[in-house]
Amino acid sequence: MKQVTIDDKLNTISRMKERGVFNNYIEYMVFPYYKNLVPNTRIDFEFPLTVLVGKNGSGKSSTLHALYGAPYWHSCAEFWFSTEVDPIVETGGRGKNRFFYGYKENKNSEIKEVMKTRMRRGSKTKVEDPDYWETSKPIKKDGMTAIKRNDPVKRDVIYIDFRAEVSAFDKIFHFSKGNLNEKKELLRKRSKYLNRLFNGESMRFPGQPDEKMGQVMELDDESRGIIGNILGKEYVSIKVAEHALFKNQGTSIYVKTRVSSRYSEANAGSGEVAVIQLVKKIQDAAEYSLVLLDEPEVSIHPGAQVKLKEYLLDTIIRKKLQIVISTHSPILIKDMPKEAIKLYVTNIEGEFEVKGNIDYQEAFFDLEECVSEKKIIFCEDFAAKSIIDLNYSRNSI
């Protein structure tokens with residue numbers, strides 16, 4: 001049987017897009033005035049897997065936040081809001097921060113344009129919200145073609161920021177303040193309740209019902225196989241618990257492989273936890289969902305990044321998802337079609353420009369990572385890195 005390559009999958013997705021099989025698909029987004037993007041920046045989502053690439057702080061995550069806030073009952077204010085330290089000041093004659101987008105409900109429908117504008121909401125019947133985003137009437141001077149106010153697109157949204165995907169154990173042990181021994185003692189005392197949860201027993205947490213403290217799910221064979229393929233492991237069991245046993249709401253995993261005893265996230269790599277969470281959420285996603293991934297390569301080794309990209313392409317074909325990724329990874333962007341790549345650059349005024357139709361090598365040349373002339377060596381430990389650095393310095397003399 002012929003092996004299906006990444007190119008085959010990319011071609012299949014292109015044909016699907018041409019046939020119009022992606023319902024409620026966001027075709028483009030325009031930013032008349034939004035954060036530090038160049039006014040009237042337009043991004044066309046010509047391919048169902050879009051890759052946003054650029055240097056740190058160039059507006060990629062801000063674009064993901066706008067996409068998150070595009071559908072019904074969603075708002076980018078969940079990620080961007082005004083404070084006294086970082087106030088949102090709207091001056092210079094540009095009006096309110098706003099963006100609009102065009103979407104097609106199905107292949108037979110016309111483009112519907114929707115404007116979303118940052119407003120201040122507050123009345124006797126509504127809680128005051130200075131960062132409320134409202135679906136507003138079309139603004140012709142912004143370049144909108146719509147003549148009436150359209151409803152926002154109806155889509156399930158999955159947003160994962162991999163820099164923030166921290167397990168319940170890490171939240172306490174690595175990212176909370178306090179005496180180390182006190183944190184260890186808390187984890188020891190609370191772990192008995194988590195162990196009961198993983199074993200399907202009543203937790204018997206003092207003063208709280210089980211349903212309030214946590215719930216656990218064992219992943220099915222398909223999900224285990226996908227995770228194992230990405231990480232290069234053979235899993236016998238993977239359980240994922242959402243709980244508040246370590247004071248704050250968090251996620252714990254409990255796994256067993258063919259070659260190891262059972263272990264939790266305390267002894268798992270951060271990349272393993274991230275991949276398990278990603279696959280679980282995407283497997284649970286409804287068809288035609290909008291999936292937003294912020295730096296999914298974080299803590300994932302190069303081989304796993306290749307398998308992850310293949311998995312994302314497979315799920316686009318199977319579930320007709322629209323996926324947008326922010327990344328710095330040469331592996332995730334490699335061989336992607338030009339229409340899938342959006343390059344973020346900073347102009348002389350300090351504003352962010354978005355360039356489309358970019359070859360992946362051109363994109364990484366701008367990042368000073370010219371992949372055609374340089375080789376990237378990934379080291380598993382400091383000793384290996386020291387040997388490579390020593391050889392490089394000798395050959396450079």
Hey, is OH on Tyr311 packed in by over 12 heavy atoms from elsewhere, all under 6.0 Å?
-> yes
Considering only heavy atoms from C-beta outward, does the side chain of Ile341 approach that of Val53 to under 4.5 Å?
-> yes
Side-chain (Arg190) to main-chain (Leu245) donor-acceptor, under 3.5 angstrom | yes
Do Val166 and Val298 sit in the same hydrophobic cluster, where Ile, Leu, Val, Met, Phe, Trp and Tyr count as joined when their side-chain heavy atoms come under 4.5 Å apart?
-> no
Neighbour count >12 (heavy atoms, 6.0 Å) for atom CG, Leu180 | yes
No-hydrogen, no-angle side-chain donor-acceptor test under 3.5 Å, Tyr159 and Asp294 | yes
State whether the number of non-hydrogen atoms from other residues, nucleotides or ligands found under 6.0 Å of Gln215 atom CD is greater than 12.
-> no
Give a yes or no on whether Lys256 atom NZ has more than 12 heavy-atom contacts from other residues, nucleotides or ligands under 6.0 Å away.
-> yes
Tell me, yes or no, whether the heavy-atom count around Lys35 atom NZ, taken from other residues, nucleotides or ligands under 6.0 Å, exceeds 12.
-> yes
Is there a donor-acceptor contact under 3.5 Å from the side chain of Tyr101 to the main chain of Ala70?
-> yes
side-chain contact (heavy atoms from CB on, under 4.5 Å) between Lys338 and Asp359: does it pass, once the steps are laid out?
-> CA-CA 5 Å; Lys338 290 183 177 182; Asp359 181 85; 4.0 Å; yes
Counting distance only, does the side-chain N/O of Asn347 pair as donor-acceptor with the main-chain N or O of Glu349 below 3.5 Å?
-> yes
Output yes when a side-chain donor or acceptor of His74 lies under 3.5 Å from a complementary backbone atom of Tyr72, and no otherwise.
-> yes
Do Lys309 side-chain atoms and Ile6 backbone N/O form a donor-acceptor pair below 3.5 Å?
-> no
Do Arg224 and Asp221 meet the salt-bridge criterion of a basic N to acidic O distance under 4.0 Å?
-> yes
Taking side chain as C-beta onward, heavy atoms only, is Arg258 less than 4.5 Å from Val236?
-> yes
Least distance between heavy atoms, Pro152 atom then Tyr103 atom | O-OH, 3.8 Å
Straight-line distance of Lys116 NZ to Trp133 CH2, nearest 0.5 Å | 9.5 Å
Note: Arg196 and Ser202 closest approach over all heavy atoms is CD-O, 3.5 Å
Heavy-atom closest pair (Pro71 atom, Arg155 atom, distance to 0.1 Å) is CB-O, 3.8 Å
Determine whether the side chains of Glu272 and Tyr263 contain a donor N or O and an acceptor N or O closer than 3.5 Å.
-> yes
Start with the C-alpha distance between His65 and Tyr34, add both sets of side-chain angles, then the distance that settles side-chain contact (heavy atoms from CB on, under 4.5 Å), and finish with yes or no.
-> CA-CA 11 Å; His65 298 162; Tyr34 180 74; 4.0 Å; yes
Mind checking the CG-CD1 spacing from Asp314 to Ile226? Nearest 0.5 Å is all I need.
-> 8.5 Å
Cluster check Phe45, Val51: I/L/V/M/F/W/Y, side chain < 4.5 angstrom | yes
Given side chains that start at C-beta, do those of Lys183 and Ser176 come closer than 4.5 Å, heavy atoms only?
-> yes
Measure the shortest side-chain to side-chain distance between Ile227 and Ile230 over non-hydrogen atoms and say whether it is less than 4.5 angstrom.
-> no
Same cluster (ILVMFWY, side-chain, under 4.5 Å), Tyr344 and Phe79 | yes
What are the two closest heavy atoms between Ile139 and Met115, and how far apart are they?
-> CD1-CE, 3.9 Å
Flag, side chain of Glu295 to backbone of Phe162, donor-acceptor distance under 3.5 Å = no
Got a donor-acceptor contact below 3.5 angstrom from the Lys239 side chain to the Tyr254 backbone?
-> no
Taking NZ, NE, NH1 and NH2 as the nitrogens, is one of them in Lys104 or Glu27 under 4.0 Å from a carboxylate oxygen of the other?
-> no
For the hydrophobic clusters of this structure (ILVMFWY residues joined by side-chain heavy atoms under 4.5 Å, transitively), does one cluster hold both Leu52 and Val38?
-> no
Should Tyr193 and Pro206 count as side-chain neighbours, where that means a heavy-atom distance under 4.5 Å?
-> yes
Might you work through the side-chain contact (heavy atoms from CB on, under 4.5 Å) test for Arg262 and Ser237, ending with a clear yes or no?
-> CA-CA 9 Å; Arg262 297 184 185 275; Ser237 171; 3.7 Å; yes
Would you check if the distance from the ring center of Tyr68 to the ring center of Trp80 is below 6.0 Å?
-> no
Should Tyr288 and Leu290 be regarded as members of a common hydrophobic cluster, given that ILVMFWY residues are connected when their side-chain heavy atoms come within less than 4.5 Å of each other, either directly or indirectly?
-> no
Lys320 to Tyr25 six-membered ring, cation-pi geometry met (6.0 Å, 45°) = no
Thr117 and Lys96 side chains, donor-acceptor separation under 3.5 Å | no
Sub-4.5 Å side-chain heavy-atom contact between Glu218 and Val216 | no
Distance-only polar pair, side chains of Ser82 and Asp131, donor-acceptor under 3.5 Å = no
Can you name the closest pair of heavy atoms from Ile282 and Val291 and give their distance?
-> CD1-CG1, 4.3 Å
Counting N and O atoms only, with roles assigned by atom type, does the side chain of Arg149 sit under 3.5 Å from a partner on the main chain of Thr135, one being a donor and the other an acceptor?
-> yes
Would you mind reporting whether Ile317 and Ile13 have side-chain heavy atoms less than 4.5 Å apart?
-> yes
For Lys247, does the NZ atom have more than 12 heavy-atom neighbours from other residues, nucleotides or ligands under 6.0 Å away?
-> no
Name of the residue among Leu219, Thr251, Val275 meeting side chain to side chain contact (heavy atoms under 4.5 Å, CB included) with Lys280 | Leu219
Working to the nearest 0.5 Å, report the span between CG of Leu313 and NZ of Lys9.
-> 6.5 Å
Heavy-atom closest pair (Phe352 atom, Gly57 atom, distance to 0.1 Å) is CZ-O, 2.9 Å
Check whether any side-chain N or O of Ser223 sits under 3.5 Å from a backbone N or O of Asp220 as a donor-acceptor pair, and report yes or no.
-> no
Candidate pair Arg318 and Thr315, rule side-chain contact (heavy atoms from CB on, under 4.5 Å), full reasoning = CA-CA 5 Å; Arg318 180 167 53 92; Thr315 53; 3.4 Å; yes
Gap separating the CG atom of Leu278 from the CD1 atom of Ile160, nearest 0.5 angstrom | 4.5 Å
Should the pair Glu46-Lys342 be classified as a salt bridge under the 4.0 Å nitrogen-to-oxygen rule?
-> yes
Can you tell me if Asn11 and Ser14 form a side-chain donor-acceptor pair at under 3.5 Å?
-> no
Cut-off 3.5 Å, side chains only: do Tyr28 and Glu113 have a donor facing an acceptor?
-> yes
Mind checking whether Lys17 and Phe47 have side chains closer than 4.5 Å, heavy atoms only?
-> no
Should the heavy atoms of other residues, nucleotides or ligands under 6.0 Å from NZ of Lys281 be counted, would the total exceed 12?
-> yes
When you measure from the side chain of Gln322 to the backbone N and O of Ile26, does any donor-acceptor pair fall under 3.5 Å?
-> yes
Starting at CG of Leu37, measure out to CD1 of Ile43 and round the result to the nearest 0.5 Å.
-> 6.5 Å
Could you tell me whether Arg188 and Glu185 make a salt bridge, using a distance below 4.0 angstrom between a side-chain N and a carboxylate O?
-> yes
Atom pair CG/OG of Asp170 and Ser252 - distance to nearest 0.5 Å | 9.5 Å
